[in-house]
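One structure is given below, encoded as structure tokens.
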Amino acid sequence: VQLQASGGGSVQAGESLRRSCAVSGRTVSTRGMAWFRQAPGKEREFVGAIRRNGGNVSMFYADSVRGRFTLPRNTAMNTQYLQMTDLKPRDTAVYYCAAAFRGLIVSSLRTPGQYDYWGQGTQVTVSS
């Protein structure tokens with residue numbers, strides 16, 4: 001199983017970026033996908049997640065990005081986008097996508113250990 005992430009780069013504060021993450025190598029649909037980020041000297045931080053439970057789809061966001069970042073609902077179950085708007089210098093970090101094939105528990109979906117596979121991290125740099 002591979003997660004191929006794309007997007008990212010360097011932008012000015014207030015600008016937008018879109019990242020994508022595609023899962024390959026497994027025919028079973030994910031039960032959820034998430035984005036985390038890690039800034040230098042800091043722990044990996046939850047950004048957002050989309051959880052699928054039967055026909056129900058729910059999105060969850062960290063307080064620090066709610067209202068600015070969006071996980072669009074899309075028909076490709078094993079591809080997920082992260083739309084980032086109004087970027088701020090504090091958003092500068094290496095961003096990682098992750099996929100879960102087991103059921104995600106709402107109370108723990110912000111925990112990296114809940115995810116089965118990870119994509120390579122890519123840098124997002126926001127200048128003031």
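Because the structure is a prediction, the values reported are computed rather than measured.
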* Stepwise side-chain contact (heavy atoms from CB on, under 4.5 Å) test for L71 and L82 -> CA-CA 5 Å; L71 294 163; L82 176 66; 3.9 Å; yes
* Can K88 and R68 be said to form a side-chain contact (heavy atoms from CB on, under 4.5 Å), step by step? -> CA-CA 10 Å; K88 303 180 185 302; R68 301 186 297 119; 3.7 Å; yes
* Asked: What do the steps show when you test T85 against F69 for side-chain contact (heavy atoms from CB on, under 4.5 Å), and what is the final call?
  -> CA-CA 6 Å; T85 64; F69 290 14; 5.6 Å; no
* **Steps toward side-chain contact (heavy atoms from CB on, under 4.5 Å) verdict (Q2, Y117)** => CA-CA 7 Å; Q2 289 189 323; Y117 299 97; over 6 Å; no
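Remark: side-chain polar atoms of D116 are paired, donor with acceptor, to backbone N or O of F101 under 3.5 angstrom. Remark: side-chain polar atoms of S58 are not paired, donor with acceptor, to backbone N or O of R51 under 3.5 angstrom. Counting only distance, with no hydrogens or angles, the side chain of Q80 and the backbone of P72 share a donor-acceptor pair below 3.5 Å.
Counting only heavy atoms from C-beta outward, the side chains of E43 and P112 never approach each other to under 4.5 Å. The side-chain heavy atoms of F46 and L109, taken from C-beta on, include a pair separated by under 4.5 Å. In this structure, the side chains of D91 and R37 come closer than 4.5 Å at one or more pairs of heavy atoms. Between V124 and T92, every side-chain heavy-atom pair lies at or beyond the 4.5 Å cut-off. Side-chain atoms of T70 and M59, non-hydrogen and from C-beta on, never get closer than 4.5 Å to each other. Side-chain atoms of T122 and V94, non-hydrogen and from C-beta on, never get closer than 4.5 Å to each other.
F60 is not connected to W35 by any chain of hydrophobic side-chain contacts under 4.5 Å among Ile, Leu, Val, Met, Phe, Trp and Tyr, and they are in different clusters.
Atom CD1 of I50 sits about 11.0 Å away from atom CG of L104, to the nearest 0.5 Å. Here CZ of R102 is found 10.5 Å from OH of Y115. Values are rounded to the nearest 0.5 Å. Taken to the nearest 0.5 Å, the CZ atom of R31 stands 11.0 Å off from the CD1 atom of I105.
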Donor-acceptor pairs are to be reported for all side-chain atoms of residues 3-15 against protein atoms at under 3.5 Å, with residues two or more places apart or in another chain.
{"unit_1": "S6", "atom_1": "OG", "unit_2": "S20", "atom_2": "OG", "d": "2.5"}
{"unit_1": "E15", "atom_1": "OE1", "unit_2": "Q12", "atom_2": "N", "d": "3.0"}

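For the pair R44 and Y96, the cation-pi criterion (under 6.0 Å, within 45° of the ring axis) is fulfilled. The cationic group of R66 does not satisfy the cation-pi geometry with Y61, failing either the under 6.0 Å distance to the six-membered ring centre or the 45° limit from the ring axis.
F36 and W118 have their aromatic ring centers within a separation under 6.0 angstrom.
In this structure, P89 and S127 approach most closely via the heavy-atom pair CG-C, 4.4 Å. Here the closest non-hydrogen pair linking Q114 and S108 is CG-O, 2.9 Å. Residues R110 and V106 come closest through the heavy atom pair NH1-O, 4.4 Å.
Remark: Q120 CD is packed, more than 12 non-hydrogen atoms of other residues, nucleotides or ligands lying under 6.0 Å away.
Here disulfide bond (SG atoms under 2.5 Å apart) pairs that include residues 79-128, with residues two or more places apart or in two chains, are C21-C97.
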